[in-house]
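Input: a single structure, listed below in structure tokens.
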Amino acid sequence: MKLLKSTLALAMAVSISAPAFANDTITVEDIPKIKSVLQTAVSPDGEQVAFTRSLPRELYKDKNGLNYSELYVIDDEGVERPFITGKVNIKSISWSADGKHIYFLAKLAEDKFTALYQIPVDGGQAQKVMALKGRAIASYELSPNGEQVALLAMPAKDKSEKELKKLGFMAEVYELGLDNKQLHLVDLSQSDEPLDPEAISIDGYVSDMNYSADGKKLLVKTQPTALIDDKYMKSQWHLFDVASKQVTLSFKTEGKLGAAELSHDGRYVAILGADDKHDPATGRLYLADTETGEINEWLPDFMGHISDFEWSNKRNTLNFVAQVSPESFIGQIKVGSNKYKKLVKEGKFIAGSLSISDSDKTLALSANTAKHPNEVYMVRGSKATRLSDSNPWLNDKRFAKQEALTFKARDGVEIGGVLVYPLDYEEGKKYPLIMAVHGGPESHDKNGWVTSYSDPGQMGAARGYAVFYPNYRGSTGKGVEYSKLGQNDYAGKEFDDLVDMKQYLVDMGLVDSKRVGITGGSYGGYASAWGATKLTEHFAASVMFVGVTNQLSKFGTTDISNEMHLVHARSYPWDKWQWYLERSPIYWAGQSKTPLLIMHGKDDPRVHPAQSMELYRYMKVQGKDVRLVYYPGEGHGNRKVAAQYDYSLRLMRWMDNYLMEGNKDMPEFKIDHAAKLKAVKDAQKED
């Protein structure tokens, strides 16, 4: 009887603001339960993979916060062993050179700051290896011989700072006085006392590093300051000599800069970078020579984007992940050639970051498909095997058909995206559509797992929607020139593509043209605001998330104004004030007929929350259907479970209200979380 009461109480809690759906479909209540693999690291012998998996916090039970992260090890047969589980946050995992220990960063027990730990693979408790005095370890890199560790950390705060703050001395000089993250080289011997090592003298903010195979060199990445704009547009890789503690060579690149890694013999460096300072992404693969300093693009004119790579350990061969339109493949290329072979072709999965064994026989990675989020995969030769199953309950769910589409825009440019059909789709029947627009715009939606708290995906399909993820011009995955097509044309042809995509789906006979909603975050939020104002006749409902509404004030309130100028606008507001104004949704608010729900993190540094308030106020005073929801403590996207869940409920309720139910009035603004909390507590008492 107690179990029955408990189940009924929970069911009542769920039904308060969400329609009832069959247990064999994905619902809004399932989204907060989804687990995914975060990081993978293959053992030196290639027989096992250590990985971290997200553990969602329980709604109405756990304190507010990010998902937890647990540590597991899985073998090549898929036998999984839990190592550190529960309410922990394990990150940055790596194997010892002999394969006997796994290192990681965490705050465990009474730790005040993040420390470096190790745990034996054959059994035993985690042991603290080292901690820094008065500060956290941000990242680390083990030397290949296991005798040294390179650490990145912010400097310790001045002891007087806390006291002065209590006395009211809290003046902040904007963007000045920022501390730089520092590099430390420390002998890898266990210490019970927090260390205070001397920082290596390197100009600027150190953001990344990794050792050469012989441990004599380090690749070190720097930027002038801690500012995100400097990270995007002014980063540089250097070769650092460990013995002399001096930079011996700097690699000259222009524009955005990604990862770098030395070949096993130390002769070459593979670098992810940009084609030029106007390239919006780091999808170009470069090869640098450490003897001459010469650097050249390795795969010129590649019609996709490289997202990760790992050198083989026995020869100068690079393994890489390529994102090509909505698919991905794993490739391999040798020094001296610009021709590659595909180890795993497109259509198998959407690949994440690679890890390679010492023998080169095993690649490990995280990857997702249309039917599951990121899981552990192992690649040997050309055979890819899925090892983990983080959400076995998904195996009992029914999935709607999902496919990639490609067609021509009105001017002949190739566009497309990923379409999720309504579950139990009937040919000839017209369905409501939710168009979920990606941000960036230097990004693209992939034909893999497309369901999250802000992306309806299979959840929307189960409710009877067609859900479309448009890869409009300016998206990545089709080469540099394609990714630049939206530059100097804010909300121009790139958003006209959205109308063409809608019409394509209508002409297919799939979509009811009068029941189309649009949503998205960041640049996708900009598209959603544009859809609700300038393109209002095309969209019956809009949900805008952390979106741009005023291009004039956006430039002056963002932390990436330099990036905006170089890779998006290609001009400054003062160059053409009126043009910037007319490419702003606020300019068109007066003609809006589209009900607009606006949601925004209250601490967003990228798109200031005032962007949402501006459009809200412009529409509100004119009597438009508009609502604004702020999320305290959230930034450029919701990261905590309660805020994510609340967002999902509001998103789907807004779409259901206008597209499914055909209502003219806005839905109730409250979500009765109090009733849900009470139901959960009652269920706990009964248990």
Are M378 and T362 side-chain neighbours, meaning at least one heavy-atom pair lies under 4.5 Å? yes
A41 backbone acceptor or donor facing W95 side chain under 3.5 Å: yes
Report the residues that fulfil salt bridge (charged side-chain N to carboxylate O under 4.0 Å, His left out) with D276, sequence neighbours left out, ordered by chain and then residue number. K484
Any donor-acceptor N/O pair, S357 side chain to S43 backbone, under 3.5 Å: no
SB check R315 D360 (cutoff 4.0 Å): yes
If you draw a 6.0 Å radius around NZ in K100, do more than 12 non-hydrogen atoms from other residues or ligands fall strictly inside? no
I want to check a possible cation-pi pair here: K401 against Y421, using under 6.0 Å from ring centre and within 45° of the ring axis as the test. yes
May I ask you to decide whether R380 forms a salt bridge with D76, counting only side-chain N to carboxylate O separations under 4.0 Å? yes
Which of these, I102, I84, T85, L105, sits in a side-chain contact (heavy atoms from CB on, under 4.5 Å) with I90? I84
Looking at K446 and E327, does any basic side-chain N land under 4.0 Å from a carboxylate oxygen? no
Step by step, would you call F468 with V420 a side chain to side chain contact (heavy atoms under 4.5 Å, CB included)? CA-CA 6 Å; F468 186 65; V420 184; over 6 Å; no
Side-chain touch S207/T222, heavy atoms, less than 4.5 angstrom: no
Evaluate whether atom NZ of K493 has more than 12 neighbouring non-hydrogen atoms of other residues, nucleotides or ligands under 6.0 angstrom away. no
Does the side chain to side chain contact (heavy atoms under 4.5 Å, CB included) test come out yes or no for S388 and V37, once each step is laid out? CA-CA 9 Å; S388 66; V37 169; 3.9 Å; yes
Taking everything shown except K640 itself, do over 12 heavy atoms lie less than 6.0 Å from its NZ? yes
For Y504, all residues meeting side-chain contact (heavy atoms from CB on, under 4.5 Å), sequence neighbours excluded: L405, F407, M508
Kindly indicate whether the side chain of Y286, heavy atoms from C-beta on, has any atom under 4.5 Å from the side chain of L272. no
If you look at every heavy atom in G266 and T290, which pair is closest and at what distance? O-OG1, 3.0 Å
Could you check whether any side-chain heavy atom of D455 comes within less than 4.5 Å of a side-chain heavy atom of Y469, counting everything from C-beta outward? yes
Donor + acceptor pair across side chains of N395, D389 (<3.5 Å): yes
When rounded to the nearest 0.5 Å, the distance separating CG of D45 from CG of D358 is 8.5 Å
Does R81 pair with D75 as a salt bridge, N-O distance under 4.0 Å? no
How long is the straight-line distance from CG of L142 back to CG of L151, given to the nearest 0.5 Å? 9.5 Å
Checking K397 side chain against N23 main chain: does a donor-acceptor pair fall under 3.5 Å? yes
Taking 4.0 angstrom as the limit, do R398 and D24 come out as a salt bridge? yes
Mark yes or no for whether H101, through its side chain, and Q118, through its backbone, hold a donor-acceptor pair below 3.5 Å. no
With ring centroids as reference points, do Y377 and F349 lie under 6.0 angstrom apart? yes
Using the ring centroid of each side chain, check whether H438 and Y472 are separated by less than 6.0 Å. yes
Go through L394 and F399 one step at a time and tell me if the side chain to side chain contact (heavy atoms under 4.5 Å, CB included) criterion holds. CA-CA 9 Å; L394 284 177; F399 284 81; 4.3 Å; yes
is_close_aromatic(F545, Y647), centroid dist under 6.0 Å: yes
Evaluation steps, side chain to side chain contact (heavy atoms under 4.5 Å, CB included), between Q402 and L419: CA-CA 6 Å; Q402 180 174 314; L419 173 65; over 6 Å; no
Take the angle between the ring planes of Y72 and F51 and call it parallel below 30°, perpendicular above 60°, tilted in between. parallel
Under a 4.0 Å threshold between the charged nitrogen and the carboxylate oxygen, would K33 count as salt-bridged to E29? no
Is the shortest heavy-atom distance from the side chain of Q48 to the side chain of I74 under 4.5 Å? no
Salt-bridge test for E375 and R386: reply yes if a basic N is under 4.0 Å from a carboxylate O, no otherwise. yes
Less than 4.5 Å apart, any side-chain heavy atom of K35 and any of L55? yes
When you look at NZ of K217, are more than 12 heavy atoms from neighbouring residues, nucleotides or ligands closer to it than 6.0 Å? yes
How many angstroms lie between CE in M459 and OG1 in T25, if you round to the nearest 0.5 Å? 11.0 Å
Can you name the salt bridge (charged side-chain N to carboxylate O under 4.0 Å, His left out) partners of R473, sequence neighbours left out? D411, D497
Out of the candidates Y140, F104, F83, only one should pair with Y117 under the ring-ring contact (aromatic ring centres under 6.0 Å, His included) rule; please name it. F104
Would you say CZ of R639 has more than 12 non-hydrogen atoms from neighbouring residues, nucleotides or ligands within 6.0 angstrom? no
Side chains of L287 and I295, heavy atoms from C-beta outward: is any pair under 4.5 Å? no
CG of N447 to OG of S325: how many Å apart, nearest 0.5 Å? 9.5 Å
Using only atom types and a distance under 3.5 Å, with no angle test, would you say the side chain of N391 pairs donor to acceptor with the backbone of W393? no
Please tell me whether F320 and Y340 form a close aromatic pair, meaning their ring centres lie under 6.0 Å apart. yes
Say whether, by atom type as modelled, one donor and one acceptor occur between the side chain of T451 and the main chain of Q458 under 3.5 angstrom. yes
Indicate, with yes or no, if the rings of Y523 and F495 have centres closer together than 6.0 Å. yes
Would you say T114 and K91 make side-chain contact, with heavy atoms under 4.5 Å? yes
Could K256 and E442 be called an ion pair, given the rule that one side-chain N must be under 4.0 Å from one carboxylate O? yes
